[in-house]
Amino acid sequence: MKKFKKLTVPAEGEKIEVVKKQLKVPDQPIIPFIEGDGIGKDITPVSLKVLEAAVSKAYNGQKKIVWLEIFAGDKAYNLYKEYLPSETIQAIKYYIVAIKGPLTTPIAGGFRSLNVTLRQVLNLYACIRPVKYIPGVPAPVKHPEDMDIVIFRENTEDVYAGFEWAKGSKETKKLISFLNKNLKTKIRLDSGIGIKPISVTGTKRLVRKAIQFALEHNRPSVTLIHKGNIMKYTEGAFRDWGYQLAQKEFKDQIVTEEEVTTKYKGTRPEGKLLINDRIADNIFQQILLRPKEYSVLAAPNLNGDYLSDAAAAQVGGLGLAPGANIGDFIALFEATHGTAPKYAGKNMANPSSLILSGVMMLEYLGWKEAADLVRKGLEEAIRQKKVTYDLHRMLEGATRLSTSQFGDAIIENM
């Protein structure tokens, strides 16, 4: 058993292993969790309680999650005097699967986003965001039930790679001088500079994961999202490399939109996964007007960020949006919203995002029966209009529950 300086490893439980490129999950896996900042102290304990109850009920006590608290954000600073201690990274690498509450992301100066840093150092290259309507949730569109997509967002490259330099800095002056002189650009001298790398490696592993997911879950299509009409050698290349990967590695299982038009009279052949692409600004309109036509979306980092939040807004907002950051095997499941500090400690925040991220975690472990129980319990609580303050104010005749009461309502409805 691995030892840590400041983490209390539970006496019971076993670590998840990777055997022959497959997860081997024991009946009592040790799973690290980060409570998170702000409302993390409210939503995380409730979420863990709900997940525990589902596992116990689904498997009659034969399976159990053994939690290990690890630290990032304010709690980590109080304990380690740093916001992201190396022990936290080591623990996630060692135990393979983890879950986290929201962490504070500073704007402008200061340390870099802890969320981005975790994705980078753990090489969690795929941010996976399912967006599906829960009946009864107030939504701004007429037919939110038409939305059922899963977004695969590249997680380590694009503008999130962090290669940027401030206006007036020595590095910026040097870069602008070189670019203007040698590459005939016309960059203003009072500019800040950022670099947007998109690689073959980053693109193909992301698209591969999206296609594998679509095939495993019998989804009809994977759509490559890009702004290739303007950025031809980054976003346009993302599109081209995505098609190349699909045709090389999944040739017998896929069909492109062009092939459907030219060879199949506009009808996708049965049993074939459709691969197509859409320009980034166009897909925002498409998911509003024709969401039924899209199933799995694969996008570079920034486009995927915007798109996942916009899609979530159509079905009730980020408070109900789950998310996961997954690499080849290591997976970190997380609440997708912010820390909402003004509600922290008031036992009123909606824990649904983290709970539904826990559903994704249970599915990743292969514990589908427990995942289904959590989803059933949450959907039934909302159907009964037993909800937290954010939904209560929009639902006529609803009963307002605290964070912990909402968790109990989910458990009662399993």
Quick check: does any side chain N or O of [X] sit under 3.5 Å from a backbone N or O of [Y], one acting as donor and the other as acceptor?
X      : Y      : result
Thr172 : Ala166 : yes
Asp42  : Gly345 : yes
Lys346 : Lys342 : yes
Gln120 : Tyr160 : yes
Ser308 : Asp305 : yes
Lys376 : Asn413 : yes
Asp74  : Asp37  : no
Gln314 : Ile287 : yes
Ser191 : Ile193 : no
Tyr343 : Asn347 : no

If the plane angle is over 60° it's perpendicular, under 30° parallel, otherwise tilted; pick one for Tyr80 and Phe71. tilted

Can you label the angle between the Tyr77 ring and the Tyr83 ring as parallel, tilted or perpendicular, going by 30° and 60°?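 Plane angle under 30°, so parallel.
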
Take a 6.0 Å sphere around [atom1] of [X] and say whether it holds more than 12 heavy atoms from other residues, nucleotides or ligands.
X      : atom1 : result
Lys292 : NZ    : no
Lys272 : NZ    : yes
Glu258 : CD    : no

[X] and [Y]: side chain donor to acceptor below 3.5 Å:
X      : Y      : value
Glu334 : Asn325 : yes
Glu157 : Ser199 : yes
Tyr389 : Asn350 : no
Arg239 : Asn229 : no
Asp277 : His226 : yes

Please examine the side chains of [Y] and [X], heavy atoms only from C-beta on, and report whether any two atoms are closer than 4.5 Å.
X      : Y      : answer
Lys64  : Glu52  : no
Asp309 : Arg129 : yes
Trp367 : Leu373 : no
Pro29  : Glu14  : no
Glu35  : Lys41  : yes
Asn301 : Val159 : no
Ile211 : Leu273 : yes
Ile149 : Met147 : yes

Taking all non-hydrogen atoms of both residues, which atom of [X] and which atom of [Y] are closest, and how far apart?
X      : Y      : value
Ala335 : Ser353 : CA-OG, 3.5 Å
Ala98  : Ile31  : CA-CG2, 4.1 Å
Thr388 : Pro351 : CG2-CD, 4.3 Å

On the six-membered ring of [Y], is [X] placed so that its NZ or CZ lies under 6.0 angstrom from the centre and within 45° of the ring axis?
X      : Y      : answer
Arg208 : Phe213 : no
Lys63  : Tyr59  : yes
Lys15  : Tyr94  : yes

With sequence neighbours excluded, tell me which residues meet side-chain hydrogen bond (donor to acceptor under 3.5 Å, both in side chains) with Tyr364.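 side-chain hydrogen bond (donor to acceptor under 3.5 Å, both in side chains) list for Tyr364, sorted by chain: empty.
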
Would you sort out whether Tyr95 and Val9 count as a side-chain contact (heavy atoms from CB on, under 4.5 Å), showing the intermediate values? CA-CA 11 Å; Tyr95 290 107; Val9 177; 3.5 Å; yes

OG1-CG distance between Thr399 and Leu401, expressed to the nearest 0.5 angstrom: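 It is 6.5 Å, given to the nearest 0.5 Å.
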
Hey, what do you get for OH (Tyr233) to NZ (Lys196), rounding to the nearest 0.5 Å? 15.5 Å

What verdict does the ring-ring contact (aromatic ring centres under 6.0 Å, His included) test give for Phe284 and Tyr306, after you've listed the backbone C-alpha separation in whole Å, the side-chain angles of each residue and the deciding distance to 0.1 Å? CA-CA 9 Å; Phe284 279 90; Tyr306 292 153; 7.0 Å; no

Can you tell which of Met348, Lys385, Gln405 makes a side chain to side chain contact (heavy atoms under 4.5 Å, CB included) with Arg400?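 Going through Met348, Lys385, Gln405 one by one, the side chain to side chain contact (heavy atoms under 4.5 Å, CB included) with Arg400 is satisfied by Met348 alone.
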
